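Quick notes on the structure that follows.
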Number of protein chains: 2
Amino acid sequence: MGDERRKFTRESAAQRKEALIRATLSLIAEKGVRGATVRGIAERAEVTQGLIRHYFSSKEELVTAAFDYHMTQMTDLTFAPAAEVEGSAADRLRVFVQSSLTPPVVDPRSIALWAGFLNKVQHDAQMKETHARTYIDFRDRLQELIRAALEEAGIPARPERLYQLATACNALIDGLWMEGGALPEAFAPGELSQIGLDAVGAIIGLNFEAASAPRRGAQR
Amino acid sequence: MGDERRKFTRESAAQRKEALIRATLSLIAEKGVRGATVRGIAERAEVTQGLIRHYFSSKEELVTAAFDYHMTQMTDLTFAPAAEVEGSAADRLRVFVQSSLTPPVVDPRSIALWAGFLNKVQHDAQMKETHARTYIDFRDRLQELIRAALEEAGIPARPERLYQLATACNALIDGLWMEGGALPEAFAPGELSQIGLDAVGAIIGLNFEAASAPRRGAQR
DNA sequence: CTGTTAGTTATGCAAGTGTATAATTATTGA
DNA sequence: TCAATAATTATACACTTGCATAACTAACAG
C-alpha cells in the first residue's frame, strides 16, 4: 500500500510536444493564458509538470508554440474547403464564405482562444507579427477570390476598390464569426453563412446565390 | 528614521469605487483579468490593497462592477453622437456608423478589454446576460436606424429582411471595430469609417454618402 | 476641543505559481 | 543480459495571489 511511483511510457518528441500543445490550447480556451498553469497543462496531458520543462524551456515558449499551432490549424481549416472547389470563381468564393461561417471555424472555443491570446499578441513582438501576417494573408486570399469572381462576371474592379471590398467582406466575416462564437445560441444553424453570403454579394455587387448550386428550397 | 505610516485622505464611497474600477479596467486591458491582481489594482489607484476589500467583498465583485461600468460607458460612447443628430434618418445612421468606427470606440484598449472579459463572460451567468443584452440592444438600435433610413428613402423593408440587414451591418461594424483595434497601424484615420459607410450602404441598398452632408472633397 | 467611528493602512497566512534540480526508469544497442 | 541514456517523475524553492484581520487616523459631531 501507499505511494507508488507513477508508471509511464516514452513517446516521441513530436507526439509529446503536440499533446502538450493541445492540452495548453484546451486550457487557454477555458481560462486564458494565465489560467493555463504549468500544473494544469501537465495534468490534462497526463504527465507530470517537470516534463514540460524537458520539451519547452519555459511556459512562454510553450504558449508561443501553441499559438503558432493554433493559427496554422485555423488557417488550414478555413481555406482547405475553397481550395478543393473545381467550379467557377463565384463557387470558390461562396464555399470560402460558408466554411468561414460554419463549425468548426465558428466555435466558442475558437473565439475564446482568440481572446485568450490577444493580450500576448499585443505585447509580444513575434506573436504580433504572426497575427498581422495571418490577417493580411486571409484578406489577400479573400481579395483574390473576389477579384476572380468579379472578373468572371464581367465587372472587373480596380485594385483600390478591390482592396476596400476585401477589407469590408473580411470585417463582415470576422464580425459574424465573432458573434457566432460569442453568442452561439443567438443564431440558427446555417443562418450566419446565409446572412454572410447575402451581405458579401451586396457589398461586391454580385448575386452569386442564384448562380450555380441552388440552396434553401430551390424555386422553380 | 525609516518607515512612516502612509498618509491618506478620505474620499466618498462613489469616488473611491470609481477610482478602483478605473484602475481595474486599466489593468485588465493590459494583462487580462487574472493579470489584474488586487495588489496591482491598489497600486494603480494609489491606495493599499486592504481598501479594496472595504468596498468590494471580493475581487470577483470588483471585476463584475468594472464590466458593467465598461459596458455602460461603451454603449454611451457609441450611441450618444447619433442621438444628437437632428437631420434625416440617413444622417443619423451615418453618424452612428462613423462614431462606431472612430476613436475612442475603436481603440486597442477597448478591444483588449473585450478580450480580457470574454472568458468571464462565457462562464459567469450574470456577465453573460449583460453581454447578450448589450449585443441585442446594439443590434436593435441599428435595426431601427436602418428601418427609418429605408422608409425615408421610399424603400421600406419587411421585418425579416430588416433583421438580416441589421445583423449583417452589425457584424460588419464589429469586424471593422475589431480589426481597427487589433491592428491599429493597418488603417489610416477615417479609412475604417469610410469603408464601413460604403459597405453598410451596399448591404442595405442605399447610397447615403452623396445625400445630405457631403464629405471628403465634395464634388460639384 | 475631544471622543467616536468608519475609512484606510499594515501585517499575516495558506494556497498556488513558474522554475530548477535531483532521483528514477523505460527503452535501446551491443 | 546489461550498461548507457534520454525520458519521465518527484521534490524543493522563492515568489505571488486572494483574503482575513489587526492597528491606526482623518474627519466629523457635539
Side-chain angles (χ1 to χ4, degrees), chain A residues 1-24 27-28 30-67 116 119-120 123-124, chain B residues 1-28 30-67 116 119-120 123-124:
Chain A
M1 71 210 84
D3 312 336
E4 290 168 2
R5 193 183 177 90
R6 177 173 182 153
K7 294 290 189 296
F8 64 93
T9 56
R10 297 187 176 187
E11 305 273 347
S12 76
Q15 280 180 329
R16 270 280 135 86
K17 280 195 170 192
E18 178 163 351
L20 288 172
I21 284 174
R22 295 173 80 93
T24 303
L27 267 172
I28 289 179
E30 282 178 30
K31 309 182 187 181
V33 170
R34 293 193 195 232
T37 68
V38 170
R39 284 167 180 80
I41 293 167
E43 184 183 12
R44 191 153 298 192
E46 295 181 312
V47 296
T48 53
Q49 51 162 328
L51 191 59
I52 290 179
R53 262 284 279 178
H54 190 259
Y55 287 108
F56 301 92
S57 68
S58 67
K59 178 186 171 180
E60 179 84 9
E61 191 181 307
L62 171 56
V63 170
T64 302
F67 180 66
N119 269 282
K120 300 231 92 176
H123 291 81
D124 180 302
Chain B
M1 69 210 82
D3 312 337
E4 290 170 0
R5 192 180 180 91
R6 177 174 181 153
K7 295 292 188 298
F8 64 93
T9 56
R10 298 187 176 186
E11 305 272 347
S12 76
Q15 280 180 328
R16 269 280 133 86
K17 279 196 170 189
E18 178 162 351
L20 288 172
I21 285 174
R22 294 173 80 93
T24 304
L25 289 173
S26 145
L27 267 172
I28 290 178
E30 281 177 31
K31 312 182 185 180
V33 171
R34 291 192 195 235
T37 68
V38 170
R39 284 169 180 78
I41 293 167
E43 185 183 10
R44 191 152 299 192
E46 296 181 310
V47 296
T48 53
Q49 53 163 326
L51 191 59
I52 291 179
R53 259 288 274 177
H54 190 259
Y55 287 107
F56 300 93
S57 69
S58 68
K59 178 185 171 181
E60 179 84 8
E61 192 181 305
L62 170 56
V63 169
T64 302
F67 180 66
N119 269 280
K120 299 234 92 175
H123 291 82
D124 179 304

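Proteins come first, then strands; the chains are lettered A, B, ... in the order of their sequence lines, and each starts at number 1. None of the values given here were measured: they were computed from a predicted structure.
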Please list, by residue number, the residues of residues 38-54 of chain B whose heavy atoms come closer than 4.0 Å to an atom of DNA chain C; answer none if no residue qualifies.
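Going residue by residue through residues 38-54 of chain B, the ones with a heavy atom under 4.0 Å of DNA chain C turn out to be B:Arg39, B:Val47, B:Thr48, B:Gln49, B:Gly50, B:Leu51, B:His54.
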
Check [X] against [Y] and note the closest heavy-atom contact, atom names and distance.
X       : Y       : value
B:Lys59 : B:Val33 : NZ-O, 3.0 Å
A:Ala36 : A:Ile41 : O-CD1, 3.8 Å
A:Ser57 : A:Arg53 : O-NH1, 2.7 Å

Can you measure [X] atom [atom1] to [N] atom [atom2] for me and round it to whole angstrom units?
X       : N      : atom1 : atom2 : result
A:Arg10 : D:dA6  : CZ    : P     : 9 Å
A:Phe8  : D:dA6  : CZ    : P     : 14 Å
B:Leu20 : D:dG18 : CG    : P     : 14 Å
B:Arg16 : C:dG7  : CZ    : C1'   : 9 Å
B:Glu11 : D:dA27 : CD    : P     : 9 Å
B:Arg6  : D:dA26 : CZ    : P     : 13 Å
B:Leu62 : D:dC19 : CG    : P     : 10 Å

Above 12 or not: heavy atoms from other molecules or residues under 6.0 Å from CD of B:Glu61?
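Count over threshold, so yes.
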
Would you say B:Val47 and B:Arg16 make side-chain contact, with heavy atoms under 4.5 Å?
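B:Val47 vs B:Arg16: side chains touch.
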
With a 3.5 Å cut-off and heavy atoms only, can you find an N or O donor on one side and an acceptor on the other between the side chain of B:Arg5 and the base of C:dT9?
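Pair found.
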
Tell me which one of A:Val63, A:Ile21, A:Thr64 satisfies side-chain contact (heavy atoms from CB on, under 4.5 Å) with A:Phe56.
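Of the listed options, the one satisfying the test is A:Ile21.
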
So which one's nearest nucleotide on DNA chain D is more toward 5', A:Tyr55 or B:Gly35?
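Of the two residues, A:Tyr55 wins.
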
5' priority, DNA chain D, between A:Ser12 and B:Ser58 [closest heavy atom]:
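Closer to the 5' end of DNA chain D: A:Ser12.
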
Give A:Phe56 one of three labels, base, sugar-phosphate or nothing, depending on what nucleic acid heavy atoms sit under 4.0 Å from its own.
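Counting heavy atoms under 4.0 Å across all strands, no contact is made by A:Phe56.
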
Does this structure show an ion pair linking A:Arg22 with A:Glu18, if we count only N-O contacts that are shorter than 4.0 Å?
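Yes, charged N to carboxylate O under 4.0 Å.
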
Assign each of B:Lys7 and B:Arg34 to its nearest nucleotide of DNA chain C by heavy atoms, then name whichever residue's nucleotide is nearer the 5' end.
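Going by which nucleotide is closer to the 5' end, it is B:Lys7.
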
